[in-house]
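Just so we're clear, the structure is a prediction, and the values are computed from it rather than from any experiment.
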Amino acid sequence: TNVVIQNGQIRDLPEGLGVQVKEGCSAITIQNIDIINAGKRGLSLEGTAISQISNPTIMAVRINDSSEGATGDYGAFFEYCNNGNVINTTIHSCGTTAAPFEAFRLDNCSNFEFDNCDIRNNSGSTFTGISFNTSSNNVVERIRAISNNSTTGACYCFAINTGSDGNTLSQCLAQSNSSTTTTEVAGFVVNGATACALLNCTARSNSGSGAESIVYGFKSTDNTTLTADGCYASHNQQTNLGYTYGFFWNNTSRSILSNSVSESNSGDDECCGMYC
């Protein structure tokens, strides 16, 4: 409890973890740390259902060239954590095309706030910028996912997954992300959730070049009471016999899309501003 790790550098752990926090810890602050070449993960906060981690703060942490080892998977991983803050943190040039990579992953977490973070120039066989998995009531503001790519699977910048209810993404940007595979590229994906909100978010210049792949600005599937307000899908494109959708809503009910724009998107086979 009440531990601060600050003002340092951790580097050259080809199969290791930069910082690991285990179950039952609280008020852990990791601040102004450079983590370079941590082959498995830069940060790993691993609580359990009966002994969660509470009130962690991650501030001004820079994770570079990590998760590139044989067991690399996430830049920063949070499991059974609550009431956390992740501020001014960067995940840059991490992952490898030989394995799936997720920059930030939350499993069974609640009441987190992410603010002013960068996810940039990362890669994976599949790629996700930030994913919420059975994680509810979190707030993500001013997160930028730029120039990331996948090679054999989907490329998702922001993903709210099944059972992750009440999450809010505000002023987030998915820009210039790409995939050469035949699956999907999406700026924002909300799937199987209730009462989530996308506010003033932008999906711009994302692209897919795999044959018959699909590019989405905003993709909503199996959701209820979703709010998307002030969102912008622009210059997203599919270049090889595929499809592009600015806004795609499938089995989405009691939901609102307002004050939003879809423009200058293109698909080699089909393109829709909004598809329901």
Exercise. So do L43 and I63 actually touch side chain to side chain, heavy atoms under 4.5 Å?
Worked result: yes

Exercise. With distance as the sole criterion, is a donor-acceptor pair present between the side chains of S213 and T183 under 3.5 Å?
Worked result: no

For this session: Using a 4.5 Å cut-off on heavy atoms from C-beta on, say whether the side chain of N177 contacts that of N149.
Result: no

Exercise. Looking at Y74 versus F101, is the centre-to-centre ring distance below 6.0 Å?
Worked result: no

For this session: For the pair E15 (side chain) and A70 (backbone), establish whether a donor and an acceptor sit closer than 3.5 Å, ignoring hydrogens and angles.
Result: yes

Problem set entry | Distance-minimising heavy-atom pair for C196 and G166 | SG-N, 3.8 Å

For this session: Using the side-chain hydrogen bond (donor to acceptor under 3.5 Å, both in side chains) rule, take Q52 and N82 through it: C-alpha gap first, then chi angles, then the decisive distance, then the call.
Result: CA-CA 7 Å; Q52 299 197 14; N82 59 75; 3.0 Å; yes

For this session: For atom CG of L241, decide whether the heavy atoms of other residues, nucleotides or ligands shown that lie under 6.0 angstrom number more than 12.
Result: yes

Exercise. Would V185 end up clustered with I119 when hydrophobic side chains under 4.5 Å apart are linked, directly or stepwise?
Worked result: no

Exercise. Are T168 and V140 side-chain neighbours, meaning at least one heavy-atom pair lies under 4.5 Å?
Worked result: no

For this session: Name all residues meeting the salt bridge (charged side-chain N to carboxylate O under 4.0 Å, His left out) criterion together with R204; count only those two or more places apart in sequence or in a different chain, and write none if there are none.
Result: none

For this session: Could you tell me whether the side chains of S135 and N138 share a donor-acceptor contact shorter than 3.5 Å?
Result: no

Exercise. Can you tell me how far the OG1 atom of T227 sits from the CG atom of L198, to the nearest 0.5 Å?
Worked result: 8.5 Å

Exercise. Between N137 (side chain) and S110 (backbone), is there a donor-acceptor pair under 3.5 Å?
Worked result: no

Problem set entry | T181 side chain vs G210 backbone, donor-acceptor pair below 3.5 Å | no

Exercise. Can you get from V19 to I53 by hopping between Ile, Leu, Val, Met, Phe, Trp and Tyr side chains that sit under 4.5 Å apart?
Worked result: yes

For this session: Could you check whether the rings of F104 and F78 sit parallel, tilted or perpendicular, using 30° and 60° as the cut-offs?
Result: parallel

Exercise. Considering only heavy atoms from C-beta outward, does the side chain of L257 approach that of M274 to under 4.5 Å?
Worked result: yes

Problem set entry | Within one Ile-Leu-Val-Met-Phe-Trp-Tyr cluster: V86 and L17, side-chain cutoff 4.5 Å | no

Exercise. Considering all heavy atoms of both residues, which atom of T151 and which atom of T180 are nearest to each other, and what is their separation?
Worked result: O-OG1, 3.6 Å

For this session: Scan residues 117-137 for pairs that pass salt bridge (charged side-chain N to carboxylate O under 4.0 Å, His left out), counting only residues two or more places apart or in two chains.
Result: D118-R120, D118-R144

Exercise. Do you know the tightest heavy-atom contact between G42 and I35?
Worked result: O-CD1, 3.5 Å

For this session: Could you tell me whether a side-chain N or O of N64 sits under 3.5 Å from a main-chain N or O of I36, the two making a donor and an acceptor?
Result: no

Problem set entry | T194 versus T224, side-chain donor and acceptor atoms under 3.5 Å | yes

Exercise. S255: what forms a side chain to side chain contact (heavy atoms under 4.5 Å, CB included) with it, not counting sequence neighbours?
Worked result: L226, W249, T252

Problem set entry | Expected output: side-chain T244 to main-chain S266 donor-acceptor under 3.5 Å | yes

For this session: Establish whether F127 and F158 are linked, either directly or via other cluster members, by ILVMFWY side-chain heavy-atom contacts under 4.5 Å.
Result: yes

Exercise. Does the side chain of F188 come within less than 4.5 Å of C157's, by heavy atoms?
Worked result: no

For this session: Report the hydrophobic cluster partners of V261, with the cluster defined as I, L, V, M, F, W, Y residues connected by side-chain heavy atoms closer than 4.5 angstrom, directly or transitively.
Result: Y232

Exercise. Between atom CD of Q20 and atom NZ of K40, what is the distance when rounded to the nearest 0.5 Å?
Worked result: 9.5 Å

Exercise. So, R142 and D115, do they make that salt bridge, N to O below 4.0 Å?
Worked result: yes

For this session: Verify the distance criterion only: is there a donor paired with an acceptor across the side chains of E102 and S131 at less than 3.5 Å?
Result: yes

For this session: State, without any angle test, whether N191 and N161 hold a side-chain donor-acceptor pair at a distance under 3.5 Å.
Result: no

Seminar exercise, completed: Heavy-atom nearest pair, C231 first then L199, reads SG-N, 4.4 Å

Problem set entry | Check: T29/Q6 side-chain N/O donor and acceptor closer than 3.5 Å | no

Exercise. Can a donor-acceptor pair be found between the side chains of N37 and D12 at a distance below 3.5 Å?
Worked result: yes

Exercise. Say you draw a straight line from SG of C25 to CG of N2; how long is it, rounded to the nearest 0.5 Å?
Worked result: 11.0 Å

Exercise. Would D268 and N240 count as having a side-chain donor-acceptor pair, cut-off 3.5 Å?
Worked result: no

Exercise. Does the side chain of S220 pick up a donor-acceptor pair with the side chain of N223 at under 3.5 Å?
Worked result: yes

Exercise. Can you name the closest pair of heavy atoms from A233 and N265 and give their distance?
Worked result: O-ND2, 3.2 Å

For this session: Check whether the side chains of E46 and Y80 place a donor and an acceptor atom closer than 3.5 Å, and report yes or no.
Result: no

Problem set entry | Min side-chain heavy-atom separation V189-I160 under 4.5 Å | no

Problem set entry | F77 six-ring face occupied by R105 cation (under 6.0 Å, within 45°) | no

Exercise. Sub-3.5 Å donor-acceptor pair from the side chain of R62 to the main-chain atoms of A60, do we have one?
Worked result: yes

Exercise. Taking the side chain from S150 and the backbone from T152, do they hold a donor-acceptor pair closer than 3.5 Å?
Worked result: no

Problem set entry | N236 side chain vs N206 backbone, donor-acceptor pair below 3.5 Å | yes

Please list, one pair per line, the donor and acceptor atoms closer than 3.5 Å that link side chains of residues 91-100 to other protein atoms, with sequence neighbours excluded.
residue, atom, partner, partner atom, Å
H92, NE2, N121, ND2, 3.4
T96, OG1, A98, N, 3.2

Seminar exercise, completed: Going by chain and number, the hydrophobic cluster around I214 (ILVMFWY, side chain to side chain under 4.5 Å) further includes Y216, Y243, Y245, F248, Y275

For this session: Of all the heavy-atom pairs spanning N148 and A145, show the shortest one and how long it is.
Result: ND2-C, 3.7 Å

